[in-house]
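Read the structure below first, then the notes.
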Amino acid sequence: IEKILFESNGLSTIVDGGASIGTLAQRFSDTFTDARVYAFEPYQPHFDALQEVANKNKRIIPVKKGLSNRNGNRSFFLNQASGTNSFLQATKQGQAIYGDQLKEIGQTEVECTTLDHYLQSNEIESVDILKLDLQGGELEALDGASKSLAAGKIKCVLCEVMFEKHYEEQPSAGKLLNSLIEGFGFTLFNFYQSNYHRGRLIYSDVLLFHPSLFAEIDKHSINFFHAHSRLPIIP
């Protein structure tokens with residue numbers, strides 16, 4: 001989808017929040033060959049793998065911090081499946097869906113930063129794509145980017161949205177989407193990588209665009225999508 005909606009050589013800055021072992025950071029870098037990818041990952045074992053990816057690709061900048069709504073250290077809950085680690089504790093509802101994957105096996109302390117602080121400190125003027133996969137921490141990360149969002153410095157958000165309550169104190173999908181759509185004027189383009197449990201939508205990735213991209217996205221959509229379908233015209 002990113003190849004259809006964006007010019008591959010037109011992006012300069014991508015933020016990968018919750019980069020894990022660097023798989024998507026590498027994909028971003030391969031697709032957008034002029035872009036620098038700032039990959040945030042606070043969990044040491046994942047960061048070690050991310051660092052190995054970055055050692056082979058100087059356009060991936062690993063950052064051993066979690067994106068949040070405040071700077072400083074926070075407790076980080078570790079689960080049986082490390083990809084479900086979170087600043088939030090898993091719910092019984094989530095454990096009923098995923099079983100032992102969401103079973104808590106420990107805690108650790110990790111360092112956090114707001115995106116506003118990081119961008120200002122590193123003199124980064126704008127972000128073409130902000131990707132967030134933070135296991136329930138996405139709204140806090142957006143709160144920590146509120147100045148950049150309000151100033152129109154973030155052009156596109158690719159964000160995981162949970163429709164079932166996987167974690168304690170997890171914000172609702174409506175609150176998360178409303179913060180971007182009503183709060184900052186973003187438009188929802190589509191849902192991707194949707195996941196289900198017994199027929200119910202439990203989480204999905206959602207792609208949203210800032211108003212400054214409307215004309216460009218409309219042009220690309222006309223050229224690459226069937227008029228009344230999400231299917232692209234080109235393979």
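Residues take their numbers from the sequence shown, with the count starting at 1. The figures here come from the full heavy-atom set of this structure, side chains too, leaving out hydrogens, waters and symmetry mates.
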Quick one: are K153 and L119 in side-chain contact, heavy atoms under 4.5 Å?
no

Could you check whether any side-chain heavy atom of R36 comes within less than 4.5 Å of a side-chain heavy atom of T13, counting everything from C-beta outward?
no

Would you say L24 ends up clustered with F32 if hydrophobic residues are merged whenever their side chains have heavy atoms under 4.5 Å apart, either directly or through other cluster members?
yes

Tell me if a side-chain donor or acceptor on N73 pairs with a main-chain N or O of E109 at a distance below 3.5 Å.
no

Kindly indicate whether the side chain of L67, heavy atoms from C-beta on, has any atom under 4.5 Å from the side chain of L132.
yes

In Å, rounded to the nearest 0.5 Å, how long is the span from SG of C159 to CG of L177?
7.5 Å

Listing request: all ring-ring contact (aromatic ring centres under 6.0 Å, His included) pairs with a residue in residues 124-144, at least two apart in sequence or in separate chains.
none

To the closest 0.5 Å, what do you measure between CG (L208) and CD1 (I181)?
5.5 Å

Flag yes if V206 and M162 sit in one hydrophobic cluster, no otherwise; membership is Ile, Leu, Val, Met, Phe, Trp, Tyr, and two members link when side-chain heavy atoms are under 4.5 Å apart.
no

Test item: H226 side-chain N/O and H228 main-chain N/O as donor-acceptor pair under 3.5 Å
no

Does a donor on one side chain sit under 3.5 Å from an acceptor on the other, for H166 and T91?
no

Side-chain heavy-atom pair V15, L115 within 4.5 angstrom cut-off
yes

Has the side chain of E138 got a donor or acceptor atom that lies under 3.5 Å from a matching backbone atom of G136?
yes

Point-to-point distance, once rounded to the nearest 0.5 Å, from CD of E164 to CD of Q170:
9.0 Å

Please identify which of these residues, Q107, E168, E104, meets the side-chain hydrogen bond (donor to acceptor under 3.5 Å, both in side chains) condition with Q89.
E104

From F76 atom CZ to L88 atom CG, the distance as rounded to the nearest 0.5 Å
10.0 Å

Mind listing the closest non-hydrogen atom pair of S20 and L50 along with its distance?
O-CB, 3.6 Å

Min side-chain heavy-atom separation P42-F47 under 4.5 Å:
no

Examine L142 and F40 and state if one hydrophobic cluster contains both, with Ile, Leu, Val, Met, Phe, Trp and Tyr joined whenever side-chain heavy atoms are less than 4.5 Å apart.
yes

Which heavy atom in A141 sits nearest to a heavy atom in L134, and how many Å separate them?
CB-CD1, 3.5 Å

Is there a path of hydrophobic side-chain contacts, each under 4.5 Å between heavy atoms of I, L, V, M, F, W or Y residues, that connects F87 with I105?
yes

Heavy atoms, side chains only, cut-off 4.5 Å: are Y38 and I124 in contact?
yes

With rounding to the nearest 0.5 Å, note down the distance linking CD in Q80 to CD in Q101.
9.0 Å

For V53 and I21, which heavy atoms make the closest approach, and how far apart are they?
CG2-O, 3.6 Å

Look at the rings of Y98 and Y203 and say which category their plane angle falls in: under 30° parallel, 30 to 60° tilted, over 60° perpendicular.
tilted

Checking R230 side chain against F191 main chain: does a donor-acceptor pair fall under 3.5 Å?
yes

Can you name the residues that form a salt bridge (charged side-chain N to carboxylate O under 4.0 Å, His left out) with R74, not counting sequence neighbours?
E140

Should E111 and K64 count as an ion pair when the cut-off is N to O under 4.0 Å?
no

Checking the side chain of N178 only, and the main-chain atoms of G174 only, is there a donor and an acceptor separated by less than 3.5 Å?
no

Measure from the side-chain N and O atoms of S146 to the backbone N and O of D143, and report whether any donor-acceptor pair falls under 3.5 Å.
yes

Residues at least two apart in sequence or cross-chain that pass side chain to side chain contact (heavy atoms under 4.5 Å, CB included) with N57, listed by chain then number, are Q26, S29, R59, I60

Verify the ring-centre separation between F77 and Y167: is it less than 6.0 angstrom?
no

If I take atom CZ from residue F186 and atom OG from residue S179, how far apart are they, to the nearest 0.5 angstrom?
9.5 Å

Heavy-atom closest pair, residues Q95 and A90:
NE2-CB, 4.2 Å

Determine whether a donor-acceptor pair (N or O, by modelled atom type, separation under 3.5 Å) exists between the side chain of S148 and the backbone of I154.
no

Side chains of F214 and E216, heavy atoms from C-beta outward: is any pair under 4.5 Å?
no

Are any non-hydrogen side-chain atoms of F163 and S204 less than 4.5 angstrom apart?
yes

Is it true that L180 and I14 fall in one hydrophobic cluster, defined by side-chain heavy atoms closer than 4.5 Å?
no

Please check if the number of heavy atoms outside Q193 that lie under 6.0 Å from its CD is greater than 12.
no

Distance-only polar pair, side chains of D116 and Q120, donor-acceptor under 3.5 Å:
no

K155 with D128: basic N within carboxylate O range, under 4.0 Å:
no

Without swapping roles, check the side chain of S121 against the backbone of Y118 for a donor-acceptor pair under 3.5 Å.
no

